[in-house]
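A short worksheet on the structure shown next.
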Amino acid sequence: MPNCPKCKKVVYFAERKSSLGKDWHSSCLRCERCDKTLTPGGHAEHEGLPYCHRPCYATLFGPTGKKLKNFIYQITIKLISISLVISWSDLITSSSIQLFII
C-alpha cells in the first residue's frame with residue numbers, strides 16, 4: 001500500500017487520487033499556497049508539490065511570477081520617495097539639516 005506524500009498515512013484504493021506520480025488522499029491533494037482542493041491533472045506542480053494554476057502557480061513561478069517582486073520593489077520606491085518628500089519639507093521648515101537613511 002502506498003503512503004500519501006502529504007500526511008504519510010496509507011492510501012487505500014477506494015480513496016486514492018493519483019497525481020504527480022503519487023497516490024494522495026482526496027483531502028490531502030491541496031494547493032501548497034492557498035490550500036484549495038485540487039483534482040488530479042487539474043493543477044500545476046513545482047518541485048513535486050501541487051499548486052492551483054491561478055493565481056498561486058502563475059504568481060509564484062509562472063512567466064509573470066515576478067509580479068510579486070516587482071510589486072514589492074514599486075512599494076519600496078514609493079515609500080522612499082514619500083520619505084524624501086517628508087524629509088524635504090522638514091528641511092525647509094526647520095533650521096537644522098537632517099539626513100534620513102532608509
Side-chain angles (χ1 to χ4, degrees):
M1 293 272 168
N3 289 340
C4 175
K6 184 82 166 190
C7 70
K8 309 296 185 217
K9 295 180 182 177
V10 174
V11 179
Y12 296 101
F13 182 79
E15 61 186 358
R16 178 178 70 178
K17 299 284 182 180
S18 294
S19 188
L20 305 175
K22 301 172 186 167
D23 294 330
W24 304 70
H25 295 108
S26 58
S27 60
C28 291
L29 186 55
R30 296 178 166 274
C31 175
E32 286 293 313
R33 182 173 183 231
C34 70
D35 210 33
K36 175 182 170 185
T37 302
L38 304 171
T39 57
H43 59 84
E45 171 271 330
H46 184 76
E47 296 181 357
L49 299 174
Y51 292 90
C52 58
H53 285 290
R54 292 200 173 139
C56 297
Y57 184 85
T59 301
L60 294 172
F61 312 110
T64 59
K66 296 179 182 174
K67 283 184 178 178
L68 182 59
K69 290 179 184 176
N70 289 338
F71 175 74
I72 292 171
Y73 176 77
Q74 291 171 1
I75 293 296
T76 304
I77 295 299
K78 287 180 182 180
L79 289 174
I80 290 171
S81 64
I82 289 170
S83 175
L84 291 174
V85 168
I86 292 171
S87 63
W88 180 250
S89 66
D90 288 344
L91 179 65
I92 293 172
T93 58
S94 68
S95 59
S96 64
I97 296 176
Q98 299 176 359
L99 178 62
F100 292 91
I101 300 173
I102 296 176

Can you run down the salt bridge (charged side-chain N to carboxylate O under 4.0 Å, His left out) pairs that involve residues 4-15, sequence neighbours left out, and say none if there aren't any? K6-E32
Cluster link L38 to L49, ILVMFWY, side chain under 4.5 Å: no
Taking the side chain as C-beta and beyond, is there a heavy-atom pair between Y57 and C52 under 4.5 Å? no
Those residues at least two apart in sequence (or on a different chain) that pass side-chain hydrogen bond (donor to acceptor under 3.5 Å, both in side chains) with S27 are none
Find the distance between CG (L20) and CG (L29) and round it off to the nearest 0.5 Å. 7.0 Å
Taken in chain and number order and not counting sequence neighbours, the residues that satisfy salt bridge (Lys or Arg N to Asp or Glu O under 4.0 Å) with K17 are none
Nonpolar side-chain network containing Y12, other nodes, edges under 4.5 Å: M1, V10
With side chains defined as the heavy atoms from C-beta onward, is the minimum distance between W24 and P40 less than 4.5 Å? no
Here the ring-ring contact (aromatic ring centres under 6.0 Å, His included) pairs for residues 31-55, sequence neighbours left out, are H46-F61, Y51-F61
May I have all residue pairs that pass salt bridge (charged side-chain N to carboxylate O under 4.0 Å, His left out) and include part of residues 39-59, sequence neighbours excluded? none
Taking the side chain as every heavy atom from C-beta outward, state whether D23 and C4 have any pair of such atoms under 4.5 Å apart. no
